[in-house]
Amino acid sequence: NQVQEAENMLKIMGRTQQAYVLTALTMLFLTFPAITRADETVVEAKLPSGKIASAEYRAGKPGKPAVLLLHGFLQTRGFPTVVSAADTLFAAGHTVLAPTLSLGISRRKMSLPCEAAHAHTLEQDVAELAYWTDWLAQRGHKRIILIGHSFGSVQILGYLNKKQSPAIAKAILISLTYVEVQQDATARAKLVRALRERAGQDKSLVEGAFGHCKKYVAPAPALLS
């Protein structure tokens, strides 16, 4: 009903007013903090880097596959799409584990802006995903379903492309994103050459369009990954 009311409101607004409302809603979602529920347990892990990562764990019914639910680009497990999916899966009896990737920040609770210095790499993200998958398997879950939202799907594909837990039963990719959609093949090849040259020379930050970010800031090796 709330969604219908919002749609009706937008229909009677002018385009300028619609733009203001949609911008406000987008900013709300991008800064959405992690949500805590009465039936959840927050678990933490100390990574090889020394950073502390966390995940929401909700124990479901025995015999049902466990689900690992991964958020999208620069987001957290508190992103509305992830929260809604976690609630629905848990209500259906599934055990749900929803990690927040550290992205190089201990106990990260907020999404990150594009303009922040992003030193984390895809390989580090995949390593954290592997840790949480093994965490579930070590607790007796013999069937695990991986669900990724947006860029979380890309990270899951990165994990599946490497050695994976035998407990993985399937993967579901929601809103699978193609992060290079803003570039044609020539521009991409030029960027990759430039990043490879800089990666071996210095550790300074570079800027580039990546995902939904028009200005993504990172060291060359991190952006190249």
(request) Could you pull out the closest heavy-atom pair between Ile144 and Thr133, with the gap in Å? (result) CD1-O, 3.7 Å

(request) Report the distance from atom CG of Leu146 to atom CH2 of Trp132, rounding to the nearest 0.5 Å. (result) 14.5 Å

(request) Determine, step by step, whether Ser54 and Arg107 satisfy the side chain to side chain donor-acceptor pair (under 3.5 Å) criterion, reporting the C-alpha distance in whole Å, the side-chain angles of both residues, the deciding distance to 0.1 Å, and the verdict. (result) CA-CA 6 Å; Ser54 66; Arg107 297 185 175 93; over 6 Å; no

(message) Once rounded to the nearest 0.5 Å, what's the spacing between atom NZ of Lys46 and atom OH of Tyr131?
(response) 12.0 Å

(request) Would you check if Ile168 and Leu160 make a side-chain contact, meaning some heavy-atom pair closer than 4.5 Å? (result) yes

(message) Let me confirm one number: the OG-CG distance from Ser150 to Leu173, rounded to the nearest 0.5 Å.
(response) 11.0 Å

(request) Would you indicate whether the side-chain heavy atoms of Cys114 and Lys215 approach each other to under 4.5 Å? (result) no

(message) Would a single hydrophobic cluster contain both Ile52 and Leu97, if residues Ile, Leu, Val, Met, Phe, Trp and Tyr are joined by side-chain heavy-atom contacts under 4.5 Å?
(response) no

(request) Answer yes or no: are there more than 12 heavy-atom neighbours, outside Arg143 itself, under 6.0 Å from its atom CZ? (result) no

(message) Could you report the tightest heavy-atom contact between Cys213 and Phe73, atom names first, then the distance?
(response) SG-CE2, 3.8 Å

(request) Measure the CD-CG distance between Glu115 and Leu205 for me, rounded to the nearest 0.5 Å. (result) 13.0 Å

(message) Treating Lys170 as the side-chain partner and Ile147 as the backbone partner, does any N or O pair qualify as donor plus acceptor under 3.5 Å?
(response) no

(request) Determine whether Leu68 and Leu136 make a side-chain contact, defined as any pair of heavy atoms from C-beta on separated by less than 4.5 Å. (result) yes

(request) Considering non-hydrogen atoms only, spot the tightest contact between His71 and Thr76 and give its length. (result) CB-O, 3.3 Å

(request) Please check if the side chain of Ser225 supplies one atom and the backbone of Leu122 the other of a donor-acceptor pair under 3.5 Å. (result) yes

(message) Please find the pair of heavy atoms, one from Pro219 and one from Ala119, that lie closest to each other, and give the distance.
(response) CD-CA, 3.9 Å

(message) Under a plain distance cut-off of 3.5 Å, with no hydrogens placed, do Glu128 and Ser102 share a side-chain donor-acceptor pair?
(response) yes

(request) Answer yes if the side chains of Arg139 and Thr95 hold a donor-acceptor pair under 3.5 Å, and no otherwise. (result) no

(message) Testing the 3.5 Å rule here: is there a donor-acceptor pair between the side chains of Arg198 and Ser204?
(response) yes

(message) Salt bridge or not between Arg58 and Asp87? Use side-chain N to carboxylate O under 4.0 Å.
(response) yes

(message) Going by side-chain contact (heavy atoms from CB on, under 4.5 Å), Val206 matches just one of Leu223, Leu224, Val217. Which one?
(response) Leu223

(request) Assign the ring pair His141 / Tyr57 to parallel, tilted or perpendicular, where the plane angle (0 to 90°) is split at 30° and 60°. (result) perpendicular

(message) Rounded to the nearest 0.5 Å, what separates atom CG in Leu103 from atom NZ in Lys51?
(response) 11.5 Å

(request) Of all the heavy-atom pairs spanning Leu101 and Arg108, show the shortest one and how long it is. (result) O-NH2, 2.8 Å

(request) Supply the atom-to-atom distance His118 NE2 to Tyr216 OH, rounded to the nearest 0.5 angstrom. (result) 5.0 Å

(message) Is any side-chain heavy atom of Phe151 closer than 4.5 Å to one of Leu74?
(response) no

(message) One pair to check against side chain to side chain contact (heavy atoms under 4.5 Å, CB included): Thr100 and Lys109. What are the steps and the verdict?
(response) CA-CA 8 Å; Thr100 291; Lys109 295 183 178 180; over 6 Å; no

(request) Write down the atom of Ala222, the atom of Thr121, and the distance for their closest heavy-atom approach. (result) CA-CG2, 3.9 Å

(message) Can a donor-acceptor pair be found, under 3.5 Å and without considering hydrogens, that links the side chain of Thr88 to the backbone of Ser84?
(response) yes

(message) Any heavy-atom pair between the side chains of Arg77 and Leu69 that's under 4.5 Å?
(response) no

(request) Report yes or no: do Ile105 and Leu70 belong to one cluster of Ile/Leu/Val/Met/Phe/Trp/Tyr joined by side chain heavy-atom distances under 4.5 Å? (result) yes

(request) For the residue pair Asn161 and Val126, establish whether any side-chain heavy-atom pair is separated by less than 4.5 Å. (result) no

(message) Go through it in stages, so that I can follow the logic: the residues are Ile172 and Ile156, the test is side chain to side chain contact (heavy atoms under 4.5 Å, CB included), and I'd like the CA-CA distance, side-chain angles, deciding distance and then a yes or no.
(response) CA-CA 9 Å; Ile172 300 173; Ile156 285 177; over 6 Å; no

